[in-house]
Amino acid sequence: MENRKNRKPKRGRPVKEKEKLTTSINLKLTGTDFNSVKEKAEKMGMKATQYAREMTLKGSIKSRFTLEELDLIRRLAGMANNLNQIARQANKAGFARVGIDIIDIISQIKKLLDDS
C-alpha cells in the first residue's frame, strides 16, 4: 500500500528552483550616488537593490523595451497581420487585384520606420 502512495504524482504548485537570497553586503552611498542608482533603476523598471545586484554580478543590465519601442512593435505586428490577410486574399483572388493594397502597406511600413 505504501508503495502506491509514493507513486502518485504530486499536485499543486511546483517547487521553485531558484535559490533564495540569504546573504547580504552592506553598501554605503552618498545621497547623490543613491539617487543616481535609484534613477537608473527606475529607467530600467527595477528596484535599486535589483539594479545594484545585476550590476555587481553581471556588470551590465539588459534594457527593457521603452514605451515607444513597444508601440512600434505593436504597430508592426498589426501591419504584419494585415499583410498576412492580403496574402491570403491574393492567393484566392489573384495577385493583380491585391497589388494596390500591398503597395499601400509597404508605404505605411516605410513611413513607420522613417519616423523612428
Side-chain angles (χ1 to χ4, degrees):
M1 283 284 185
E2 288 188 31
N3 288 339
R4 288 185 182 178
K5 287 182 182 179
N6 293 336
R7 289 186 200 163
K8 288 184 181 179
K10 291 185 178 182
R11 296 168 67 180
R13 187 177 200 165
V15 179
K16 289 184 179 181
E17 294 181 17
K18 199 172 189 180
E19 187 178 346
K20 288 187 177 183
L21 304 175
T22 57
T23 309
S24 66
I25 296 176
N26 294 327
L27 175 68
K28 292 192 177 203
L29 300 172
T30 64
T32 307
D33 290 342
F34 176 73
N35 288 334
S36 174
V37 169
K38 191 175 177 181
E39 286 176 15
K40 290 176 183 178
E42 286 175 357
K43 286 181 184 177
M44 302 298 276
M46 305 172 91
K47 293 182 180 178
T49 53
Q50 290 174 317
Y51 180 83
R53 185 180 307 112
E54 291 288 321
M55 288 299 289
T56 303
L57 295 175
K58 297 180 182 175
S60 64
I61 295 177
K62 186 177 177 183
S63 64
R64 298 181 180 180
F65 291 116
T66 64
L67 292 176
E68 293 174 5
E69 291 170 335
L70 289 173
D71 184 52
L72 283 174
I73 291 169
R74 183 189 57 77
R75 289 168 59 189
L76 278 173
M79 288 182 190
N81 186 34
N82 290 342
L83 189 59
N84 188 32
Q85 291 174 3
I86 288 173
R88 286 178 144 194
Q89 291 297 322
N91 286 328
K92 286 181 185 176
F95 290 102
R97 281 181 75 189
V98 186
I100 295 171
D101 292 337
I102 292 172
I103 292 171
D104 184 43
I105 287 182
I106 290 171
S107 67
Q108 288 178 16
I109 291 172
K110 285 182 180 179
K111 181 181 175 185
L112 178 67
L113 293 175
D114 289 340
D115 287 347
S116 55

Walk me through whether Met55 and Lys40 qualify under side chain to side chain contact (heavy atoms under 4.5 Å, CB included).
CA-CA 11 Å; Met55 288 299 289; Lys40 290 176 183 178; over 6 Å; no
Should we say atom CD1 of Ile25 is surrounded by more than 12 heavy atoms from elsewhere, each under 6.0 Å from it?
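No, not enclosed.
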Side-chain donor or acceptor of Asn91 paired with backbone N/O of Ala87 under 3.5 Å:
yes
With distance as the sole test, does Asn84 use its side chain to make a donor-acceptor pair with the main-chain N or O of Ala80 at under 3.5 Å?
no
Taking all atoms of both residues into account, what is the closest heavy-atom pair of Tyr51 and Val37, and its distance?
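Looking at all heavy atoms of both residues, the closest pair is CD2-CG1, 3.8 Å.
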Reported [atom1]-to-[atom2] distance for the pair [X] and [Y], which is rounded to 0.5 angstrom:
X	Y	atom1	atom2	result
Asp114	Ile109	CG	CD1	12.0 Å
Leu27	Thr56	CG	OG1	7.5 Å
Thr49	Leu21	OG1	CG	9.0 Å
Met79	Arg74	CE	CZ	10.0 Å
Leu76	Ile73	CG	CD1	8.0 Å

Report yes if the side chains of Glu54 and Met44 come closer than 4.5 Å at any heavy-atom pair, otherwise no.
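The answer is no; the side chains never approach within 4.5 Å.
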Output all residues satisfying salt bridge (charged side-chain N to carboxylate O under 4.0 Å, His left out) with Arg53, sequence neighbours left out; order by chain, then residue number.
none
Single-linkage hydrophobic cluster, 4.5 Å side-chain cutoff, Leu113 and Ile105 together
yes
Partners passing side-chain contact (heavy atoms from CB on, under 4.5 Å) against Glu39 (at least two apart in sequence or in another chain)
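Residues passing side-chain contact (heavy atoms from CB on, under 4.5 Å) with Glu39: none at all.
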